Peer 1: 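Can you keep this structure in mind? I'll have questions shortly.
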2 protein chains.
Amino acid sequence: MPNKAFSKVKPRQPALPVNEWVYATLCELILHGEFVPGVTITLRGIAESLDVSPMPVREAASRLISEGALEVSVKRRISVSQMTQEKFDELVLARLSLEPELAALALPYIDSERLKLLIDIDKKLDVAISTGNIEDYTKYNCQFHFGIYEAAPSPVLLPIIKSLWLRFSPFYRIVAGRAGTQTLDDYHEAAIDAIKAGDPVALAKAIHEDIEEGMDMLNESIGTS
Amino acid sequence: MPNKAFSKVKPRQPALPVNEWVYATLCELILHGEFVPGVTITLRGIAESLDVSPMPVREAASRLISEGALEVSVKRRISVSQMTQEKFDELVLARLSLEPELAALALPYIDSERLKLLIDIDKKLDVAISTGNIEDYTKYNCQFHFGIYEAAPSPVLLPIIKSLWLRFSPFYRIVAGRAGTQTLDDYHEAAIDAIKAGDPVALAKAIHEDIEEGMDMLNESIGTS
DNA sequence: AATTGAGATCTGTGATCACAAATTAATAAA
DNA sequence: TTTATTAATTTGTGATCACAGATCTCAATT
């Protein structure tokens with residue numbers, strides 16, 4: 001029986017090397033929670049689903065393993081990494097340490113066009129919160145944060161932060177499905193105000209508090225996944 | 001003509017997969033400055049030098065590329081990453097943000113045996129500074145820092161910090177050969193005192209200042225490499 | 001019905017082959 | 001001697017093959 005392909009993967013533009021396309025696609029799938037943490041994944045299975053040879057999948061997978069998004073069990077079985085209390089605490093610490101810094105660095109690069117985009121995303125976010133749409137919430141929350149971070153030319157911090165989100169997202173989606181969005185404050189508005197005011201310290205603070213709130217919400221749900 | 005093998009690479013213990021041994025070996029070589037940043041490296045050349053097939057080298061290289069230690073030029077040429085002012089500033093920011101945090105986290109795990117080891121390393125470090133031995137200085141400085149960090153079970157922060165050092169070391173060795181060690185204060189002693197006192201805040205501060213000093217020393221040397 | 005064990009299948013890992021793009025070497029023209 | 005053009009080699013990338021160990025299947029035995 002031929003393996004079922006994933007729903008709606010972006011088609012590859014021929015200029016891009018296959019392994020990078022596979023990597024980007026797997027990132028998307030992980031971020032969107034298509035893989036259940038702990039359930040084994042096979043290189044040949046992915047290759048068949050993506051209609052490529054196993055080779056580029058190997059390279060993409062080894063990249064994701066070295067970034068911590070995938071993990072290999074004692075007897076060489078690959079799966080999306082499971083969350084532990086230890087990992088969670090360190091991921092939060094790393095996010096709180098790096099993301100406000102990058103946000104402050106990015107502020108001078110945020111032009112009016114990007115600000116408009118951020119405000120628009122925040123609006124969609126509010127709708128997602130009020131309607132309890134977890135799918136949209138996680139999507140627009142990600143877009144909002146990286147909409148700020150990616151304004152800055154950041155060859156070091158941005159990839160690190162991306163890898164943190166990659167490790168965090170699968171777990172986030174699991175617990176978000178239970179917790180709901182009703183208790184979420186909106187620190188994004190404080191961030192937007194800080195951007196308007198051109199105040200990097202206030203922006204860093206807003207991002208810090210936004211992360212802290214989101215993480216606190218999930219902290220007690222770790223063992224129950 | 002057969003390619004010349006690298007001097008003194010640790011032999012592979014058969015239990016370890018070949019690709020991981022290659023990865024660890026390349027890490028060592030990069031940390032020890034065996035590769036000149038910007039000079040192209042070939043997969044087949046490494047494979048021949050290490051007496052393995054090109055395949056495990058490919059996996060190790062793609063890992064190092066995704067970690068930023070190696071970079072691939074526009075026309076697919078691989079080399080050790082060159083330092084830029086942008087990268088340098090972000091690497092310093094990341095180090096200052098993460099390493100003091102991990103040091104503070106690691107403090108409770110530092111037993112008397114490890115403390116003794118750190119004191120011993122610091123002694124060798126003093127000798128290296130007074131004799132102007134750059135080689136030993138970089139080695140023992142690395143050992144001292146990771147002697148602290150590795151005390152803590154750290155699945156997230158430690159690998160990130162390792163990748164930061166991996167990107168920084170090749171550049172460090174280049175400029176250290178010019179700058180000399182004569183002006184270096186010894187913040188390591190402050191760190192040791194903080195460990196003895198069981199004071200995580202003081203330890204974080206000592207690490208912070210140690211990094212700041214070392215980085216300041218190199219900051220103006222960037223464009224001249 | 002439960003358990004065991006032999007055979008088949010699947011998986012990650014390493015080796016080898018194939019190929020287009022790029023670099024280098026060699027040769028010819030000035 | 002210098003420059004331009006062509007041939008040969010090298011390089012990264014992708015496909016395929018090989019293999020040992022793990023996993024699964026399923027019939028035979030208790």
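Not measured: the values here are computed from a predicted model. Below, chains carry the letters A, B, ... as their sequence lines are ordered, and counting in each starts from 1.
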Peer 1: Can you tell me if B:Tyr109 has over 12 outside heavy atoms packed within less than 6.0 Å of its OH?
Peer 2: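 Counting other residues, nucleotides and ligands, OH of B:Tyr109 stays at 12 neighbours or fewer.
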Peer 1: Dump the intermediate steps for side chain to side chain contact (heavy atoms under 4.5 Å, CB included) on A:Leu157 and A:Tyr149, then the final yes or no.
Peer 2: CA-CA 9 Å; A:Leu157 289 177; A:Tyr149 307 150; over 6 Å; no
Peer 1: Distance-only criterion, 3.5 Å: show the donor-acceptor pairs between side-chain atoms of residues 159-169 of chain B and protein atoms not counting sequence neighbours.
Peer 2:
from	atom 1	to	atom 2	distance (Å)
B:Ser163	OG	B:Ile160	O	2.8
B:Ser163	OG	B:Arg167	NH2	3.3
B:Trp165	NE1	B:Glu99	OE2	3.0
B:Arg167	NE	B:Glu67	O	3.1
B:Arg167	NE	B:Ser163	O	3.4
B:Ser169	OG	B:Trp165	O	2.8

Peer 1: Heavy atoms under 4.0 Å is the rule here; annotate nucleotides 11-20 of chain C 5' to 3' with B where the base is hit, S where only the sugar-phosphate is, and - elsewhere.
Peer 2: BBBBBB-B--
Peer 1: Mind running side chain to side chain contact (heavy atoms under 4.5 Å, CB included) on B:Phe88 and B:Val92 for me, showing each step along the way?
Peer 2: CA-CA 6 Å; B:Phe88 182 84; B:Val92 171; 3.7 Å; yes
Peer 1: Is there a side chain to side chain contact (heavy atoms under 4.5 Å, CB included) between B:Asn141 and B:His188 once you walk through the steps?
Peer 2: CA-CA 9 Å; B:Asn141 187 47; B:His188 292 172; 3.1 Å; yes
Peer 1: Specify the separation, in whole Å, of atom NZ of B:Lys75 and atom C1' of D:dT10.
Peer 2: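 About 16 Å, once rounded to whole Å.
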